Amino acid sequence: MLHLAALPPLRTQFYTPDPREIAPKLLGKVLLRKKGKSLRAGRIVEVEAYLGADDAAAHAAAGQTERNNVLFGPPGHAYVYLSYGLHYCLNISCMPPGQAGSILFRALEPLTGFAAMAKARGLAISNELRSLRMLTSGPARLCQALEITRERDNGRDMTSPDSGLWIVDDNHKVQKVAISKRIGITKSAELPLRYYLEGNPFVSATRKV
DNA sequence: TTATAGATTGCCT
DNA sequence: GGCAATCTATAAT
């Protein structure tokens with residue numbers, strides 16, 4: 001918890017393999033966001049893997065476009081898109097340049113910067129679990145809490161603290177990784193590509209799994 | 001506690 | 001023109 005920002009960041013090499021390999025390793029790591037002097041951080045408790053041409057639900061499935069450029073670029077970069085016209089969602093690109101693949105961040109367990117997160121979400125927050133879940137439990141919520149937008153952050157290099165958005169390993173031991181179908185998609189919905197920490201209360205609500 | 005509708009932008013057919 | 005990797009408020013059980 002202390003000195004999270006001083007830990008070495010996960011580097012490009014970590015993000016170079018297939019997203020299915022990286023996703024379970026990403027659980028338990030810590031996503032950091034620095035804006036000015038304020039630091040916000042959350043433990044990654046739920047992610048989904050998105051592949052390339054074989055995955056109809058992936059934005060990269062139809063080929064490279066202006067919008068999904070980042071997915072085909074170097075690994076370790078932020079892919080931010082607008083969902084349903086009003087929410088942003090954050091991915092990190094995987095695989096070597098020229099090959100698409102990414103991991104969607106679906107839920108965090110808040111560690112520091114509660115007040116800033118609450119303010120960014122437009123919420124008044126208490127210390128109750130139910131209240132804290134509202135901060136970062138859901139892909140669009142965590143973007144709002146960390147003030148991540150497409151305009152500001154799409155294409156950002158997440159392998160260095162200099163970018164203000166990066167991931168560290170604080171040596172936290174995860175209990176158990178569970179796998180299920182992905183949430184909220186209609187194409188390739190049967191693929192088991194959602195990874196989460198079993199029993200963690202900050203995992204987003206599971207609808208039909 | 002679960003179910004449903006509505007908001008709202010930009011991408012692709 | 002249709003649709004989408006979501007969230008929230010409101011309604012009903």
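In this text, all values refer to a predicted model and were calculated from it rather than measured experimentally. Chain identifiers are assigned alphabetically (A, B, ...) following the order of the sequence lines, protein sequences preceding nucleic acid strands; residue numbering begins at 1 within each chain.
- Here Arg106(A) reaches the OP1 or OP2 of dT6(C): one of its side-chain N or O atoms lies under 4.0 Å away.
- A straight line from CD of Glu66(A) to P of dC11(B) spans 8 Å, rounded to a whole angstrom.
- Note: OH (Tyr81(A)) to C1' (dC12(B)) measures 16 Å, nearest angstrom.
- Nucleotide dC7(C) holds its P atom 13 Å from the CG atom of Leu135(A), rounded to whole Å.
- Annotation: Gln175(A), atom CD; neighbour count of heavy atoms from other residues, nucleotides and ligands within 6.0 Å does not exceed 12.
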Could you go through nucleotides 11-13 of chain C and list every protein N or O atom that sits under 3.5 Å from one of its N or O atoms, giving the distance for each pair?
none

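- In this structure Glu109(A) satisfies the salt bridge (Lys or Arg N to Asp or Glu O under 4.0 Å) test with no other residue, sequence neighbours excluded.
- Across all strands shown, Ala140(A) has heavy atoms under 4.0 Å from sugar-phosphate atoms exclusively, and none from any base.
- Between Arg33(A) and Asp153(A) there is a salt bridge, with a side-chain nitrogen of the basic residue lying less than 4.0 Å from a carboxylate oxygen of the acidic one.
- Applying the salt bridge (charged side-chain N to carboxylate O under 4.0 Å, His left out) test to every pair with at least one member in residues 3-19 of chain A, sequence neighbours left out, gives these pairs: Asp18(A)-Arg20(A).
- In this structure, Ser137(A) contributes its side chain and Met134(A) its backbone to no donor-acceptor pair below 3.5 Å.
- A salt bridge links Arg106(A) with Glu48(A); the closest basic N to acidic carboxylate O contact falls under 4.0 Å.
- Listed by chain and number, the residues in a ring-ring contact (aromatic ring centres under 6.0 Å, His included) with Phe14(A) amount to none (sequence neighbours excluded).
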Next on the checklist: What verdict does the salt bridge (Lys or Arg N to Asp or Glu O under 4.0 Å) test give for Arg182(A) and Asp55(A), after you've listed the backbone C-alpha separation in whole Å, the side-chain angles of each residue and the deciding distance to 0.1 Å?
Outcome noted: CA-CA 12 Å; Arg182(A) 292 175 293 185; Asp55(A) 180 4; 2.8 Å; yes

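- Members clustered with Tyr84(A): none, using a 4.5 Å side-chain heavy-atom cutoff among hydrophobic residues.
- Contact between the side-chain N/O atoms of Thr65(A) and the OP1/OP2 oxygens of dC11(B) is not found at any separation under 4.0 Å.
- In terms of the salt bridge (Lys or Arg N to Asp or Glu O under 4.0 Å) criterion, residue partners of Arg40(A) (sequence neighbours excluded) are, by chain and number, Glu147(A).
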Collect all protein-nucleotide pairs involving nucleotides 8-10 of chain C in which both atoms are nitrogen or oxygen and the distance is under 3.5 Å.
from	atom 1	to	atom 2	distance (Å)
dT8(C)	OP1	Arg121(A)	NH1	3.2
dT8(C)	OP1	Arg121(A)	NH2	2.8
dT8(C)	OP2	Arg141(A)	NE	2.8
dT8(C)	OP2	Arg141(A)	NH2	2.3

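- In this structure, Leu71(A) atom CG and dA5(C) atom P are separated by 13 Å, rounded to whole Å.
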Give each protein N/O atom lying under 3.5 Å from an N/O atom of nucleotides 6-10 of chain B, with the pair distance.
from	atom 1	to	atom 2	distance (Å)
dT8(B)	O2	Tyr84(A)	O	2.6
dT9(B)	O4'	Gly85(A)	O	3.0
dT9(B)	O2	Gly85(A)	N	3.4

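- Counting all heavy atoms, side chain and backbone alike, Ile44(A) lies closest to Val47(A) at CG2-CG1, 3.5 Å.
- In this structure, of dT13(B), dA5(C), dC7(C), it is dT13(B) that holds the atom nearest to the side chain of Ala62(A).
- Atom-to-atom, CG of Leu142(A) to C1' of dA5(C) comes out at 12 Å; the value is rounded to the nearest Å.
- Ring pair Tyr50(A)/His59(A): centre-to-centre distance not below 6.0 Å.
- With sequence neighbours excluded, the residues forming a side chain to side chain contact (heavy atoms under 4.5 Å, CB included) with Ala118(A) are Ile125(A), Leu135(A), listed by chain and number.
- For Lys34(A), the NZ atom sits in a loose shell: 12 or fewer heavy atoms of surrounding residues, nucleotides or ligands are nearer than 6.0 Å.
- Atom CD of Glu48(A) and atom P of dA4(C) are 16 Å apart (whole Å).
- Rounded to whole Å, atom P of dC12(B) lies 11 Å from atom CG of Asn69(A).
- Both Gly138(A) and Lys187(A) sit near DNA chain C, but only Lys187(A) has its closest nucleotide nearer the 5' end.
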Checklist outcome for this item: Annotated structure of DNA chain C as dot-bracket, pair cut-off 3.5 Å, Watson-Crick or G-U only, | for inter-strand, is ||||.|||||||.

Next on the checklist: Let's go through Asp170(A) and Arg43(A) carefully: what are the C-alpha distance in whole Å and the side-chain angles of both, what is the deciding distance for salt bridge (Lys or Arg N to Asp or Glu O under 4.0 Å) to 0.1 Å, and is it a yes or a no?
Outcome noted: CA-CA 10 Å; Asp170(A) 69 344; Arg43(A) 192 173 305 287; 3.0 Å; yes

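- Of the residues Thr159(A), Leu26(A), Ile22(A), the one that meets the side-chain contact (heavy atoms from CB on, under 4.5 Å) test with Leu10(A) is Leu26(A).
- Applying the salt bridge (Lys or Arg N to Asp or Glu O under 4.0 Å) criterion to Lys176(A), with sequence neighbours excluded, gives Glu198(A).
- Of the residues in residues 19-31 of chain A, not one places a heavy atom less than 4.0 Å from an atom of DNA chain C.
- Look at OH on Tyr88(A): it is 15 Å from P on dC7(C), rounded to the nearest Å.
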